[in-house]
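Quick notes on the structure that follows.
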Amino acid sequence: MSLAQPRILVADDQPDVVEALRLLLKANGFSVVPTSSPAGVLGAVETEDVDVVLMDLNYTRDTTSGREGLELLAKLQQLDPQLPVVVMTAWGSVEGAVDAMRGGARDYVTKPWDNTRLVTTLRSHVELADALRKSRRLSAENERLQTRAPGMVAESRAMKAVLELVDRIAPSDANVLITGEHGTGKEVVARRIHAMSHRAGKPFVPVNAGALSEGVFESELF
């Protein structure tokens with residue numbers, strides 16, 4: 001997901017902390033999804049699109065072990081291992097942050113946080129996650145094309161539009177008429193459509209209709 005205003009899921013059991021973070025992040029171009037419990041975090045991740053999770057490690061009053069946060073982190077890793085998680089921990093409890101990093105967290109900030117460092121950290125993880133998503137998408141598309149579709153060299157704007165159209169219609173059951181001058185690559189396009197269709201496992205049989213006389217057309221084909 002790539003949004004003009006990145007969405008940060010902020011989780012802390014103290015309403016004043018959540019509100020302070022909401023105001024800070026809103027002023028710096030972020031949208032905030034607030035919650036106050038591990039269940040709220042899991043529910044938000046399952047139902048909403050968020051770019052980064054910024055979460056506390058403790059949610060029960062007078063608890064400082066970080067166990068709740070570590071358990072929540074493990075569940076988030078199962079839900080979406082690619083989702084960046086930044087944990088918040090009280091100053092002097094860096095050990096908990098280290099455990100969280102080992103459990104899959106991407107980064108940590110200490111309370112009280114430094115506004116500039118917090119905003120920079122979140123922005124970096126938003127940009128990194130977006131770049132990784134784009135890289136994975138391009139890799140998947142390239143692999144799909146390399147394994148299923150015959151290679152086509154097309155640099156012109158017109159041919160790129162043709163390839164985009166081919167990629168859209170190939171998985172459908174639509175009838176396709178390909179026209180063009182002799183030698184322009186009609187059969188190559190047809191092979192690409194076949195290779196990217198649900199009939200790819202069946203034979204592709206090209207027929208040069210121009211070489212068939214009118215009298216033998218039906219007998220040759222049927």
Side-chain angles (χ1 to χ4, degrees), residues 1-60 66-91 93-94 96-144 164 167-168:
M1 177 190 62
S2 179
L3 297 175
Q5 191 175 49
R7 304 190 77 197
I8 310 299
L9 174 58
V10 174
D12 196 290
D13 64 324
Q14 300 181 50
D16 56 337
V17 171
V18 174
E19 180 62 12
L21 288 169
R22 187 189 69 81
L23 293 174
L24 170 66
L25 298 179
K26 181 180 179 181
N28 284 273
F30 296 96
S31 175
V32 174
V33 179
T35 188
S36 60
S37 67
V41 173
L42 296 175
V45 170
E46 289 179 330
T47 59
E48 301 195 44
D49 291 328
V50 296
D51 291 282
V52 177
V53 175
L54 175 63
M55 68 177 213
D56 193 20
L57 287 177
N58 298 293
Y59 295 89
T60 303
R67 178 181 55 81
E68 293 171 300
L70 294 177
E71 292 177 352
L72 174 58
L73 179 61
K75 293 177 181 178
L76 287 174
Q77 287 289 296
Q78 293 177 349
L79 278 178
D80 185 357
Q82 307 301 330
L83 179 63
V85 177
V86 177
V87 299
M88 294 183 289
T89 181
W91 184 263
S93 301
V94 179
V98 173
D99 290 338
M101 298 285 283
R102 291 171 177 167
R106 301 289 179 84
D107 212 330
Y108 74 93
V109 295
T110 56
K111 292 181 179 180
W113 60 82
D114 177 88
N115 287 349
T116 301
R117 181 182 184 278
L118 175 59
V119 169
T120 301
T121 297
L122 293 177
R123 185 165 288 128
S124 296
H125 286 292
V126 167
E127 293 173 353
L128 177 60
D130 187 55
L132 289 174
R133 280 192 295 269
K134 290 179 179 176
S135 176
R136 286 193 296 269
R137 185 173 64 251
L138 289 174
S139 296
E141 290 177 355
N142 288 336
E143 182 178 356
R144 176 172 58 86
E164 291 176 0
D167 291 348
R168 289 201 307 270

Legend entry - Chi angles and distances behind the side-chain contact (heavy atoms from CB on, under 4.5 Å) call for Thr89, Thr110: CA-CA 5 Å; Thr89 181; Thr110 56; 4.3 Å; yes
Inset, instruction - Apply the test side-chain contact (heavy atoms from CB on, under 4.5 Å) to residues Glu68 and Leu72: give CA-CA distance (whole Å), side-chain angles for both, the deciding distance (0.1 Å), then the verdict. - result: CA-CA 6 Å; Glu68 293 171 300; Leu72 174 58; over 6 Å; no
Inset, instruction - Applying side-chain contact (heavy atoms from CB on, under 4.5 Å), run through Asp56 and Lys111 and close with a yes or a no. - result: CA-CA 10 Å; Asp56 193 20; Lys111 292 181 179 180; 3.4 Å; yes
Roughly how far, to the nearest 0.5 Å, is [atom2] of [Y] from [atom1] of [X]?
{"X": "Arg123", "Y": "Leu118", "atom1": "CZ", "atom2": "CG", "value": "10.5 Å"}
{"X": "Leu73", "Y": "Met55", "atom1": "CG", "atom2": "CE", "value": "5.0 Å"}
{"X": "Leu132", "Y": "Glu127", "atom1": "CG", "atom2": "CD", "value": "12.0 Å"}
{"X": "Met101", "Y": "Asp99", "atom1": "CE", "atom2": "CG", "value": "11.5 Å"}
{"X": "Leu128", "Y": "Asp51", "atom1": "CG", "atom2": "CG", "value": "12.0 Å"}

Legend entry - Identified side-chain contact (heavy atoms from CB on, under 4.5 Å) counterpart of Leu9 within the set Asp49, Leu83, Leu54, Val45: Val45
Inset, instruction - From the options Thr120, Val119, Thr121, select the one residue that forms a side-chain contact (heavy atoms from CB on, under 4.5 Å) with Arg117. - result: Thr121
How close do [X] and [Y] get, heavy atom to heavy atom, and via which atoms?
{"X": "Ser37", "Y": "Tyr59", "answer": "CA-CD2, 4.1 Å"}
{"X": "Ala105", "Y": "Val87", "answer": "CB-CG1, 4.0 Å"}
{"X": "Thr47", "Y": "Gly43", "answer": "OG1-O, 2.8 Å"}
{"X": "Gln77", "Y": "Gly104", "answer": "NE2-O, 3.6 Å"}

Legend entry - Side-chain donor or acceptor of Asn58 paired with backbone N/O of Gly66 under 3.5 Å: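 Answer holds: yes.
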Legend entry - Glu71: partners by salt bridge (Lys or Arg N to Asp or Glu O under 4.0 Å), with sequence neighbours left out: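 For Glu71 the salt bridge (Lys or Arg N to Asp or Glu O under 4.0 Å) partners, ignoring immediate neighbours, are Arg67.
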Inset, instruction - Only counting residues at least two apart or in another chain, list the ones meeting salt bridge (Lys or Arg N to Asp or Glu O under 4.0 Å) with Glu48. - result: Arg7
Solution key, residues 17-29 side-chain donor-acceptor pairs under 3.5 Å, sequence neighbours excluded:
from  : atom 1 : to    : atom 2 : distance (Å)
Glu19 : OE1    : Arg22 : NE     : 3.1
Glu19 : OE2    : Arg22 : NH2    : 2.8
Asn28 : ND2    : Leu24 : O      : 2.8

Inset, instruction - Flag the pair Ile8 / Val50 as yes when at least one side-chain heavy-atom distance between them is below 4.5 Å, and no otherwise. - result: no
Inset, instruction - Check whether more than 12 heavy atoms from other residues, nucleotides or ligands sit under 6.0 Å from atom OH of Tyr108, and answer yes or no. - result: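 No.
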